[in-house]
Trainee: 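To start, I am sharing the structure in question, which I have written as structure tokens.
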Amino acid sequence: MGIWVINWRVELSQFILINWLIATMNKYVWWFSKQIKSIFLTIVDIDKLLDTFDDIPEIKWINNLTPFNYKEWDINISHLSFWYNECNVFDNFSLKINWWKKTALVWDSGSWKTTLMKLIAWYIHPDLGEIFVDNQNICEINLISYYKHIGYLTQEPSVFDWTIIENLTYALDREPIFDEIENVIKASRCEFIYDLPNKLKTEIWERWIKLSGWQKQRLAIAKIMLKNPSIILLDEPTSALDSISEQYISEALHNLFDWKTVIIIAHRLQTVKEADEIIVLKKWQIIERWNHEMLCEIEKGEYKKMLDLQTSF
Ligand SMILES: Nc1ncnc2c1ncn2[C@@H]1O[C@H](COP(=O)(O)OP(=O)(O)OP(=O)(O)O)[C@@H](O)[C@H]1O
Ligand SMILES: [Mg+2]
């Protein structure tokens, strides 16, 4: 470029303009990579990162200035409607989830469970209606400050091609204590880590060390336990586990997530038995709402029917 200027092929004004354009572009690339890095460091789930790339216009939400304040953790879904293309998924759906409670959502088949979790996590946005967390409309708050308080276990957790310890700790904004990691490994039944060649420093690499579905699921649970957020979203947390591990993990989840606002979605009712409140939904209607013992008392109740079906074989 400088040579062209010397040879007067490019006028000085054009040279300045081009340099200005390059500098501006650099600024945006830098801004964009900084935002991506912030999301990356604050969330537990790397799928969000991929979703972000699919959903770039929505990146504006992360720059909202109002920080997310946490005092109480009621989640209030108000008159929510959502469409996937032409298909109406939620129609005027309202639900209040109490703070510091473990709430399980149990649906009849053919529902939109993961979609609801993604809406609460603000991965996708409602077409109509609002979601309030702690009386704050999540479309108006700074997303990064929101994610600092959220742990989201997706149905098919993914891992990076990094070491186990890096996968466990990348969402933390502090150095974990060794004992803390040990305890979490035990509570999430991640002892398989100690059988790997370099234990916590083992690199996960698809062609070399590949984790199975249940190992990834346990690792994702360990990650949330270590992050210790105030709102925890669990989408089928034990779906990849055998029944003995399922029971153990269910108990560990319920003990460790005391004094948190937890939403659990599970097909298998074993996982939801300990919840403070179980909400049974049919389409978009709440048809039963109580704890396990009380729901079992309802003769011909929907929950009891599902439970009988699951325990009959
Ligand atoms: N991005 C999308 N675009 C269009 N349709 C989608 C999209 N994501 C999901 N769906 C459809 O929405 C429906 C419900 O999906 P969702 O994952 O919420 O169900 P789910 O209740 O969690 O199912 P499962 O029990 O298998 O976990 C499915 O029919 C799915 O094909
Ligand atoms: Mg699902």
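Atoms within a ligand are numbered from 1 in the order they appear, just like the ligands themselves.
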Trainee: Between Tyr170 and Phe160, is the ring centroid distance below 6.0 Å?
Mentor: yes

Trainee: So, do Phe257 and Trp100 have ring centers that fall under 6.0 Å from each other?
Mentor: no

Trainee: Considering only heavy atoms of Gln155, which atoms of ligand 1 have at least one such atom less than 4.0 Å away?
Mentor: 24 (P), 27 (O)

Trainee: Heavy-atom pairs closer than 4.0 Å: do any link ligand 1 to the side chain of Glu236, the backbone, both, or neither?
Mentor: neither

Trainee: Give the numbers and elements of all ligand 1 atoms closer than 4.0 Å to a heavy atom of Thr115.
Mentor: 15 (O), 16 (P), 18 (O)

Trainee: Rounded to 10°, how big is the angle at the Mg ion (ligand 2) from Thr114 OG1 to Gln155 OE1?
Mentor: 90°

Trainee: N/O/S atom of Met117 under 2.8 Å from the Mg ion (ligand 2), yes or no?
Mentor: no

Trainee: Could you tell me how the ring of His125 sits relative to the ring of Trp122: parallel (under 30°), tilted (30 to 60°) or perpendicular (over 60°)?
Mentor: parallel

Trainee: Taking the side chain as everything from C-beta on, heavy atoms only, tell me whether Tyr152 gets closer than 4.5 Å to Lys118.
Mentor: yes

Trainee: Taking the six-membered ring for Trp, are Tyr303 and His292 ring centroids under 6.0 Å apart?
Mentor: yes

Trainee: Nearest non-hydrogen atom to atom 3 (N) of ligand 1 belongs to which of Trp107, Trp83, Tyr84?
Mentor: Tyr84

Trainee: List the steps, then state whether salt bridge (Lys or Arg N to Asp or Glu O under 4.0 Å) holds for Lys102 with Glu277.
Mentor: CA-CA 6 Å; Lys102 281 168 265 179; Glu277 206 164 38; over 6 Å; no

Trainee: Would you say His267 contacts ligand 1, with heavy atoms under 4.0 Å as the rule?
Mentor: yes

